[in-house]
Amino acid sequence: IDAVSDPRTQIGPLARRVEDLALALDVIAGPDWRDPSVAPVPLGDWRAVELRDLRVATFIAFEGATCTAQTASAVRDAAQALADAGAAIEEALPPRIEESWTITQVHWARVRSYSWSEWRAEREHRLTTDQIERGLFAWGRLKRAFLSFMENFDLIVCPAAPGPAVELTAVNEKDFIFTLPYSLTGWPCAVVRAGTSPEGLPIGVQVVARPWRDDVALAVAGRVESALGGWRPPPI
């Protein structure tokens, strides 16, 4: 999709194993001469990433976002798996992360065109010009704050959702509360199973790397997968 019409959209494949994810990424990565937001940055080799050199920030909650005890435990287990591999772990929260929900709500309320070649509004405007401009300002401010935060870290490990997987019909907007901040920044993320709920449902942990460091996200996801079991067949 055109980056100007929806700059939050980040395309990513779904796979059972990190190795399969890496294969798919090789195919879809790079310019397609359709989306002007794609930069010609080559993919690094995720197998060459040295985990012992990584500085990892981790958290389990922020204002407006909490998770279950099982999810918090899965995040801690993932962080420990990286610590066991030599990575430096620190509890740290990106600045202004609590603003991501409001910014996203403003973005969702904006009017977009359903045509890429001419303006064809999908519906009538509900936002004022001031609300739109304030939303864009807050979005840019959050991106700058996050980028400054990552000067001291290579990676963030945090919940992917407040709890375990839910049926598609039961999903609500707040289920995305932990992923929304990184949709706003557009950074590479990987979600990997790191725990299991009492009902046998998968609990995902989110791995967020610096801009264009998909190789780091994959390497860390691979470590978490190998240490904590990764994909399992669904409960019968």
Side-chain angles (χ1 to χ4, degrees), residues 1-49 51 54 56 71 74-75 78 81-82 100 104 107-108 116 146 150 154-171 173 175-196 201-234:
I1 192 166
D2 192 302
V4 175
S5 66
D6 188 0
R8 290 182 63 264
T9 298
Q10 311 299 326
I11 304 302
L14 179 68
R16 286 184 178 179
R17 309 288 184 190
V18 172
E19 288 187 353
D20 298 331
L21 190 65
L23 289 173
L25 186 60
D26 280 337
V27 175
I28 68 172
D32 60 1
W33 304 107
R34 301 292 184 274
D35 186 347
S37 69
V38 178
V41 179
L43 280 176
D45 183 356
W46 67 284
R47 295 181 179 86
V49 174
L51 297 178
L54 298 180
V56 181
T71 301
V75 172
L82 298 176
S100 58
T104 300
H107 174 74
W108 283 341
W116 288 1
F146 271 46
M150 291 302 280
D154 301 290
L155 194 81
I156 299 171
V157 174
C158 64
V166 298
E167 292 186 8
L168 186 59
T169 55
V171 172
E173 292 178 346
D175 288 329
F176 307 120
I177 194 69
F178 285 101
T179 58
L180 291 178
Y182 312 107
S183 293
L184 294 173
T185 63
W187 294 350
C189 303
V191 175
V192 61
R193 183 177 187 153
T196 303
L201 297 172
I203 297 175
V205 165
Q206 185 176 208
V207 173
V208 185
R210 286 175 165 182
W212 310 114
R213 294 309 306 267
D214 302 71
D215 56 330
V216 173
L218 287 173
V220 171
R223 168 61 184 173
V224 173
E225 179 183 71
S226 63
L228 302 179
W231 180 87
R232 302 175 193 173

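Just so it is clear, the structure is predicted and the values come from calculations on it, not from any experiment. All values below come from the heavy atoms of this structure, side chains included, with hydrogens, waters and symmetry mates left out.
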Asks: With a 4.5 Å heavy-atom cut-off, do Phe176 and Thr104 have their side chains touching?
Replies: no
Asks: Does any non-hydrogen side-chain atom of Val56 lie less than 4.5 Å from one of Val220?
Replies: no
Asks: What residues form a side chain to side chain donor-acceptor pair (under 3.5 Å) with Arg210, not counting sequence neighbours?
Replies: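 Checked Arg210 against side chain to side chain donor-acceptor pair (under 3.5 Å); zero matches.
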Asks: Please round to the nearest 0.5 Å and tell me the distance separating atom CG of Asp26 and atom CG of Leu21.
Replies: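 Those atoms lie 10.0 Å apart.
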Asks: If I compare all heavy atoms of Ala15 with all of Asp20, which pair ends up nearest, and what's the gap?
Replies: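 Minimum heavy-atom separation between Ala15 and Asp20: CB-CB, 3.8 Å.
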Asks: Are Ile28 and Pro13 side-chain neighbours, meaning at least one heavy-atom pair lies under 4.5 Å?
Replies: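 Yes, at least one pair of side-chain atoms sits under 4.5 Å.
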Asks: Which is it for Val224 and Val157 under the side-chain contact (heavy atoms from CB on, under 4.5 Å) test, yes or no, and what are the steps along the way?
Replies: CA-CA 10 Å; Val224 173; Val157 174; over 6 Å; no
Asks: State, to 0.1 Å, how close Val75 and Cys158 come at their nearest heavy-atom pair, and which atoms those are.
Replies: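 Shortest heavy-atom contact: CG2-C, 3.8 Å.
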Asks: Holding to salt bridge (Lys or Arg N to Asp or Glu O under 4.0 Å), I want the full list of residues that pass it with Arg213, two or more places apart in sequence or in another chain.
Replies: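 Here the qualifying residues are Asp215.
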Asks: For a quick test of reading the model, state the closest non-hydrogen atom pair linking Ala209 to Trp187 and the distance between them.
Replies: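 In this case the closest contact between Ala209 and Trp187 is O-CB, 3.5 Å.
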Asks: If every non-hydrogen atom of Val49 is compared with every non-hydrogen atom of Ala219, which pair is closest and at what distance?
Replies: CB-CB, 3.6 Å
Asks: What's the separation between atom OG1 in Thr196 and atom CG in Leu201, rounded to the nearest 0.5 Å?
Replies: 8.5 Å
Asks: Which pair of non-hydrogen atoms, one from Ala74 and one from Ile203, has the smallest distance, and what is that distance?
Replies: CB-CG2, 3.9 Å
Asks: side-chain contact (heavy atoms from CB on, under 4.5 Å), that's the test. Do Arg193 and Trp231 meet it? Break it down for me.
Replies: CA-CA 6 Å; Arg193 183 177 187 153; Trp231 180 87; 5.5 Å; no
Asks: First locate atom CG of Leu23, then atom CZ of Arg17, and finally report the distance between them rounded to the nearest 0.5 Å.
Replies: 13.5 Å
Asks: Do the side chains of Ser100 and Phe146 get nearer than 4.5 Å, heavy atoms only?
Replies: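 A side-chain contact is absent here, since even the closest heavy-atom pair is not under 4.5 Å.
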Asks: Apply side-chain contact (heavy atoms from CB on, under 4.5 Å) to residues Trp46 and Val18 and explain how you reach the verdict.
Replies: CA-CA 10 Å; Trp46 67 284; Val18 172; 3.9 Å; yes
Asks: Would you say that Pro162 contacts Phe178 through its side chain, given a criterion of any heavy-atom pair below 4.5 Å between the two side chains?
Replies: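 Yes, side chains in contact.
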Asks: I would like to know whether Gln206 and Ile156 meet side-chain contact (heavy atoms from CB on, under 4.5 Å); could you show each step before the answer?
Replies: CA-CA 8 Å; Gln206 185 176 208; Ile156 299 171; over 6 Å; no
Asks: Mind checking whether Val216 and Leu54 have side chains closer than 4.5 Å, heavy atoms only?
Replies: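 Result yes, sub-4.5 Å side-chain heavy-atom pair found.
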Asks: What pair of heavy atoms forms the shortest contact from Met150 to Leu155, and how long is it?
Replies: CE-N, 3.8 Å
